[in-house]
Amino acid sequence: MTDRHPAGITILGATGSIGLNTLDVVARHHDRFRVVALTANTDVDTLAAQCERFQPRFAVMADPSAAERLLSVLRVRAPEVQVLGGQEALAEVAGLGDADYVMAAIVGSAGLLPALAAAVAGKRVLLANKEALVMSGALFMQTVRDHHATLLPIDSEHNALLQCMPDNYATGQAPRGVKNIMLTASGGPFRNTPMDELDAVTPEQACAHPNWDMGRKISVDSATMMNKGLEVIEAGWLFDLPIDRIRVVLHPQSILHSLVEYLDGSMLAQLGNPDMRIPISHALGWPARIESGAQPLDLPAIGMLQFEHPDPHRFPCLSLAEQAWRTGGTAPAILNAANEVAVQAFLECRLAFTSIPHVIEYALENCVVHEAGTLQTILEDDALARDQAMRCISTGIRMRAP
Ligand code: NAD
Ligand code: MG
């Protein structure tokens, strides 16, 4: 134990894969961190158990009826915890005065407003929710600057890039002496699946990622490589680089988590086991290093690291994301919204895996792109894109392969 005052942390999306990993790290450092608030959508049982163990001041269920159930459970098991319900309560706890750090780990567009609220409150924002940056990158980065928030990426690739940036680098700045950055991608579970079998793959197959244990939405995004497309856009905002200086390379082992290429020909990379506790600990401890609980790499046991170019015919979602990023404005928000609708439909067995890119392309072609200057415009275009995507799915419109 030290006599340092423990930092307060709010975890948005505490019951998900990133939330669980964050609490695992926090539990290893009782002297450093004190949990201020935990949030979830509907998973009352998991949040109740977390509240019993970590005794936060607040627990929020985004779903109001789930909040009622949590309240009745906690009345007996953790009566000190104040229970709140509804979407507005998420933003409220993201800005609480006694939370120094906010882990933004809600999946999808639902995470945008709470993550922005954390930035407005000038927090150390640990950003896992990449969709927030994809939807509103310019606005988000400006908010971080205006309110002197600290933005640290949790996405393993972006966290790796931050670790390889020049000394004293802060996210949002154009890095000095850097020629390109290179994001690695595993290629997901279907990297070698015969193309004519992709039509029939199931949600279970798509969610069985070879290296990472993640939530279902990001697992499907990894299988289509939309995840890497979203990450290219995320990297563009975080590191202030144009798309032609952001490369993607397939690396099936997920050991080398991304590279920074310097002007002198040096390439710096960060390596580690595929364990999200590593980037989470980096961001929690930063600028110090703290224990994460992850196993160290055994390089001789791994033996070989492979790298290859991604196949654009197999992964059309990657090109769609790059195209949306080039278009700019609300195009990435439209792409993201259509992708969320398509992935949900696939997970509910209402859409074939191979139709996901068609739905996204349909939305991109049928929505007017606006300047992404205000939150209202972004949210309006997000809603219009959802309508178009749902229309495409319900009418069974099939587009040509992108
Ligand atoms: P998950 O599905 O496991 O967990 C999502 C969390 O968000 C849960 O706590 C859930 O209750 C909450 N949530 C879902 N919908 C909500 C809503 N409408 N309102 C409020 N809360 C809601 O997801 P995950 O894998 O932990 O991913 C979370 C975020 O982190 C995503 O944006 C993902 O892209 C990103 N990320 C995840 C990983 C990973 O390894 N899992 C790696 C990199 C980035
Ligand atoms: Mg990633």
Side-chain angles (χ1 to χ4, degrees), residues 9-24 26 35-54 56-75 77-78 81-96 99 102-118 125-136 154-155 203 207 213-221 227 230 276 280 336-337 339-348 350 379 382-383 386 390:
I9 179 166
T10 284
I11 303 175
L12 306 167
T15 56
S17 156
I18 293 290
L20 295 174
N21 277 308
T22 305
L23 283 171
D24 182 286
V26 165
V35 177
V36 173
L38 296 174
T39 85
N41 191 23
T42 54
D43 185 352
V44 172
D45 293 345
T46 305
L47 199 69
Q50 291 176 341
C51 286
E52 254 187 306
R53 178 161 179 214
F54 291 95
R57 210 150 66 77
F58 292 98
V60 181
M61 301 295 315
D63 179 75
S65 66
E68 306 253 316
R69 278 182 280 133
L70 182 70
L71 182 62
S72 66
V73 176
L74 290 188
R75 225 179 250 134
R77 286 165 54 185
V81 179
Q82 294 180 52
V83 176
L84 305 174
Q87 294 289 336
E88 307 75 49
L90 296 172
E92 208 177 302
V93 296
L96 284 174
V102 174
M103 168 58 80
I106 292 174
V107 60
S109 58
L112 172 59
L113 295 180
L116 264 177
V125 184
L126 282 51
L127 188 70
N129 177 225
K130 66 193 83 182
E131 295 92 343
L133 268 190
V134 171
M135 292 173 72
S136 69
I154 294 300
D155 218 340
C207 290
D213 182 8
M214 309 181 286
R216 284 167 78 76
K217 193 265 179 179
I218 185 176
S219 296
V220 177
D221 284 348
N227 184 48
L230 300 178
M276 287 307 292
I280 290 168
N336 178 67
N339 180 56
E340 286 189 20
V341 171
V343 169
Q344 188 62 31
F346 167 68
L347 285 171
E348 291 168 4
R350 293 184 281 112
L379 295 177
D382 170 286
R386 280 169 204 273
M390 283 188 269

Point-to-point distance, once rounded to the nearest 0.5 Å, from CG of L126 to CD1 of I9:
6.0 Å
According to side-chain contact (heavy atoms from CB on, under 4.5 Å), who are the partners of V107, at least two apart in sequence or on a separate chain?
E131, K217
For R53, the side-chain hydrogen bond (donor to acceptor under 3.5 Å, both in side chains) test, sequence neighbours excluded, returns none
Quick one, D221 with L230, criterion side-chain contact (heavy atoms from CB on, under 4.5 Å). Give me CA distance, side-chain angles, the key distance, then yes/no.
CA-CA 9 Å; D221 284 348; L230 300 178; 3.9 Å; yes
Which residues share a side-chain hydrogen bond (donor to acceptor under 3.5 Å, both in side chains) with S109, sequence neighbours left out:
E340, R386
E52: salt bridge (charged side-chain N to carboxylate O under 4.0 Å, His left out) partners, not counting sequence neighbours
R77
Sorted by chain and residue number, the side-chain contact (heavy atoms from CB on, under 4.5 Å) partners of A342 (sequence neighbours excluded) come out as L351, I356, V359
Within this structure, what is the CG-OG1 distance for the pair L47 and T39, rounded to the nearest 0.5 Å?
7.5 Å
Scan the side chains in residues 12-23 for donor-acceptor partners under 3.5 Å anywhere in the protein, sequence neighbours excluded, and list what turns up.
| from | atom 1 | to | atom 2 | distance (Å) |
| --- | --- | --- | --- | --- |
| S17 | OG | D213 | O | 3.3 |
| N21 | ND2 | S17 | O | 3.0 |
| T22 | OG1 | I18 | O | 2.7 |

Between N336 and D382, a side-chain donor and acceptor under 3.5 Å
no
Validation row: S136, L112 side chains within 4.5 angstrom (heavy atoms):
yes
L84 meets the side-chain contact (heavy atoms from CB on, under 4.5 Å) criterion, sequence neighbours left out, with F58, V60, A89, E92, V93
Can you name the closest pair of heavy atoms from N41 and M61 and give their distance?
O-CE, 3.4 Å
As an exercise, state the distance from CD1 of I218 to SG of C207, rounded to the nearest 0.5 Å.
11.0 Å
If you look only at distance, which donor and acceptor atoms sit under 3.5 Å apart when one is on a side chain in residues 63-70 and the other is two or more places apart or in another chain?
| from | atom 1 | to | atom 2 | distance (Å) |
| --- | --- | --- | --- | --- |
| D63 | OD2 | S65 | OG | 2.8 |
| D63 | OD2 | A66 | N | 2.9 |

Sidechain-backbone polar pair: N129 side chain, I106 backbone, donor-acceptor under 3.5 Å:
yes
Contacts of Q82 meeting side-chain hydrogen bond (donor to acceptor under 3.5 Å, both in side chains) (sequence neighbours excluded), chain-then-number -> none
Any side-chain heavy-atom pair from I154 and M103 closer than 4.5 angstrom?
yes
Which residues pass the salt bridge (charged side-chain N to carboxylate O under 4.0 Å, His left out) test with D45, sequence neighbours left out?
none
I'd like to check the side-chain hydrogen bond (donor to acceptor under 3.5 Å, both in side chains) partners of R75; sequence neighbours left out, ordered by chain and number.
none
Picking from I11, L127, V36, T10, what satisfies side chain to side chain contact (heavy atoms under 4.5 Å, CB included) with V102?
T10
Would a 4.5 Å heavy-atom cut-off, applied to side chains only, mark N227 and K130 as touching?
yes
